[in-house]
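Please read the structure below before turning to the comments.
Indexing begins at 1, ligand by ligand and atom by atom, following the structure's order. The analysis underlying the following values was restricted to heavy atoms, covering all of them including side chains, and did not include hydrogens, waters or symmetry mates.
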Amino acid sequence: MSLPPTATDASPDPLALTSAEFVAAARTHGRSRDDALNAYRAVHRRGIWQPWMAPPPPPPARTHTDDRTAKFLIQLHDQLETESVIIPMPHRGGRFSRTLCVSSQVGCAMGCQFCETAQMGLLRSLTVREIVQQLHVARFLVTNPFTDETPPEHGHFDIANIVFMGMGEPMDNLDAVLQSIRILCDMNGPAIGCSRVTISTVGRTDGIRRLGDFIQQPGFRRVGLAISLNAPNDEIRSAIMPINRAEPLAQLRAAMTAFPKRPTSALCAEYVLIPGVNDLPEHADAVCTFLRGIRCSLNVIPYNPRRNSPWPAPDEATIDAFVARAIANGQFTKRRRTKGRSAMAACGQLGNEHIRGRKIVQVGIDR
Ligand code: SF4
């Protein structure tokens with residue numbers, strides 16, 4: 001049987017297929033099982049590609065670094081771009097691991113008032129390949145974004161954690177997100193531990209239920225779920241997050257309560273603290289009341305002002321008081337340290353001003 005000398009659209013794509021799917025696809029192209037599996041491992045572990053596969057992703061279009069956070073952009077076939085952020089997470093003894101924040105869409109339809117990405121609207125959802133290639137580019141093609149580090153062989157930056165907290169609402173592109181998780185966690189592929197993958201959602205309850213079904217499958221039990229809560233009551237949440245008008249807090253709470261419990265990990269409720277909006281002590285009390293009975297940590301994130309923001313960043317005293325009040329309520333609470341503010345790489349700040357104004361895909365959130 002003659003083999004195609006170069007990749008075609010139908011060539012097996014290691015960024016879109018699990019190892020089992022890739023081997024099956026490669027066998028239809030005349031490759032042996034062992035050859036195909038070794039080639040799949042070589043792509044994900046060493047960044048080495050074969051000519052009979054789908055082509056490798058392009059190098060990042062642009063990279064911005066800021067206080068050790070690196071944001072990089074990958075140009076897509078239709079001239080849109082994905083944005084991803086590599087964030088160092090410090091550990092004891094001066095060591096650190098790296099978290100990669102990936103996008104699931106270009107732009108977002110959810111319209112959260114505090115979010116830079118929302119200013120773009122939704123341009124389109126990403127394919128599985130376009131999601132997974134963000135890890136591949138971070139590992140093998142981003143060259144030395146941190147000034148005091150030398151990339152190891154093949155330019156490999158080790159990524160320990162993946163969070164779906166970049167551009168887009170993962171639950172609006174859930175088929176592609178779940179397939180990308182199967183690949184990211186594939187032991188013959190990137191082999192990211194499932195407990196090190198977290199999906200962050202605006203609170204779409206249909207997606208929370210589907211993710212709950214997904215994690216009951218063997219091997220995916222410890223995939224994490226973070227809910228963007230951001231408000232103590234429906235009035236405030238509806239004002240800053242349009243999703244709440246379609247799916248109010250009672251509905252969200254029911255979905256969180258029904259989410260399968262895990263022995264060692266819990267849900268995370270994210271709370272972007274915005275001055276004059278949701279930062280009062282009684283707001284902390286109400287949030288803790290909402291979370292009572294749900295095994296859940298509260299992650300307080302000081303607001304990062306987006307471009308043309310109507311709100312400033314909160315001051316330290318307000319942040320400390322809010323966190324202390326939540327802890328006094330008996331709620332396990334953490335404060336997220338802000339990284340990457342000046343590179344517009346911090347939470348809620350992804351979104352490319354150059355591609356705004358392009359055709360927006362209209363996706364309503366009323367159902
Ligand atoms: S916060 Fe998340 S869900 Fe809301 S608009 Fe931004 S990217 Fe979309």
In terms of its nearest heavy atom to atom 3 (S) of ligand 1, the top option of Met110, Arg204, Met241 is Met110
Whether Asp279 and Arg325 form a salt bridge (side-chain N of Lys/Arg under 4.0 Å from carboxylate O of Asp/Glu) is what I want to check. no
Atoms in ligand 1 with a heavy atom of [X] nearer than 4.0 Å:
{"X": "Cys108", "result": "3 (S), 5 (S), 7 (S), 8 (Fe)"}
{"X": "Ala118", "result": "5 (S)"}
{"X": "Gly111", "result": "5 (S)"}
{"X": "Gly168", "result": "7 (S)"}

Kindly say whether [Y] contributes a backbone atom to a donor-acceptor pair with the side chain of [X] at under 3.5 angstrom?
{"X": "His44", "Y": "Tyr40", "value": "no"}
{"X": "Arg237", "Y": "Leu229", "value": "yes"}
{"X": "Asn278", "Y": "Val272", "value": "yes"}

N/O/S atom of Cys112 under 2.8 Å from atom 4 (Fe) of ligand 1, yes or no? yes
Met171 and side chain to side chain contact (heavy atoms under 4.5 Å, CB included): which single residue from Val177, Leu211, Thr205, Val202 fits? Leu211
